[in-house]
2 protein chains.
Amino acid sequence: MTEKATPSPEAIKAWARLMRVSRQLVESAEDALKASGLPPLAWYDVLHELAEAGEGGLRPFQLIERTLFAQYNISRLLARLEADGLVEKLPVADDGRGQTIRITAKGRETRRRMWAVYGRSIAELVGARLSPEELNTLSALLGRLRHPPAGD
Amino acid sequence: MTEKATPSPEAIKAWARLMRVSRQLVESAEDALKASGLPPLAWYDVLHELAEAGEGGLRPFQLIERTLFAQYNISRLLARLEADGLVEKLPVADDGRGQTIRITAKGRETRRRMWAVYGRSIAELVGARLSPEELNTLSALLGRLRHPPAGD
DNA sequence: TCTATATAGATGCAATTGCATTTATTGTCA
DNA sequence: TGACAATAAATGCAATTGCATCTATATAGA
């Protein structure tokens, strides 16, 4: 057996840092959005995926794959986005169970305004604290912690 | 001005990785605890701090500083822990507003059983994927993203 | 074709979180 | 001292999350 039941001190420290820092960063970014009267990060994640998907839109289950949100979570998040007019739900021709979600013009505009704030947070919290080389090192190390591990 | 409104591609990628990986890891660890019929990570965080604090215990506001939980969150979490007999609340001699939280024997035992599962998750998810040197590099880079930045 | 199984998505209900406010006590200073 | 600001912790209420289940449609196999 190659598994270890007890983690090394190095692993514990890296884990602890990862937990703490990620929570801090999320909180900072959320605070910045809130302070600007904008929706929470979760909305950005979905709007971002939909904006990248273009006119074809995405099925809810595709959003689940891309964002890691739970199924019920996406279902309700999309309901809120639709209620706000940021996305629209279209029937799918060849699958009566499903629907296609497409971002609206208002949704694109909201995403743009969110990015103005969110992007600034990223620049300040991460971009300003590590050099490009260090950022690449960090990305590579984090990539190896993914499931499945990232190639680049 | 030295601030940048738009983050570099390297910063965006590192941020995205950090967000995604930390969510995945938390989810994996939570799932493992759940599968063993154990309480969620938040409980571990508090029990851990209280166990380290020893017999003297900690004031709720100290737990807030150490764990990043919101005040109302700690207040209710402690109520649940107390209801489960994992901590006890003691009056403070020189401050009638406050209380001291102390971990109980049952609390220590629960923490021990949680660590058996949580520690294994850390070992598998992080310890087994990066070398000790790489883990140190990761810790150092993450430390620079903290507020305030870590010295070590 | 008919039935069983799998997939897509929604939803009822309980638990938790977030926000704002409240209660109680302590500290400050005119 | 007495009024006022600050701190510690709890809580009412709305929003969100988690869990389990449900509905509807699609697919596979006898």
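What you see is a predicted model; the values in this text were computed from it and never measured.
- At least one cation-pi condition fails for B/Arg76 and B/Phe69: the charged atom is not both under 6.0 angstrom from the six-membered ring centre and inside a 45 degree cone around its axis.
- Salt-bridge check for A/Glu82 with A/Lys106: failed, with every basic side-chain N at 4.0 Å or more from each acidic carboxylate O.
- The nearest whole Å value for the distance from the CD atom in A/Glu27 to the P atom in C/dG18 is 9 Å.
- Classified by interplanar angle (parallel below 30°, tilted 30° to 60°, perpendicular above 60°), the ring pair A/Tyr118/A/Trp115 is perpendicular.
- The listed nucleotides are D/dA9, D/dC19, C/dG18; the one nearest the side chain of B/Tyr72 is C/dG18.
- Under 3.5 Å, the side chains of A/His147 and B/Arg129 contain a donor-acceptor pair of N or O atoms.
- At a non-hydrogen distance threshold of 4.0 Å, A/Lys89, A/Arg97, A/Gly98, A/Gln99 from residues 88-104 of chain A come into contact with DNA chain C.
- The 5' end of DNA chain D is approached more closely, in terms of each residue's nearest nucleotide, by B/Phe61 than by the other of B/Phe61 and A/Trp43.
- Nearest heavy atoms, B/Glu10 versus A/Ser139: O-OG, 4.4 Å.
- Note: CG (B/Leu41) to C1' (D/dG18) measures 16 Å, nearest angstrom.
- With hydrogens and angles ignored, a donor-acceptor pair under 3.5 angstrom links the side chain of A/Arg76 to the base of D/dG18.
- Under 4.0 Å is where a charged nitrogen must lie from a carboxylate oxygen, and between B/Glu109 and B/Arg112 at least one such pair does.
- Checked against C/dA10, D/dT17, D/dA9, the side chain of A/Arg80 finds its nearest nucleotide in D/dT17.
- Of the side-chain N and O atoms in B/Asn73, none sit less than 4.0 angstrom from OP1 or OP2 of C/dT16.
- Taking 3.5 Å as the limit, the base of C/dA10 and the side chain of A/Gln71 contain a donor-acceptor pair of atoms between them.
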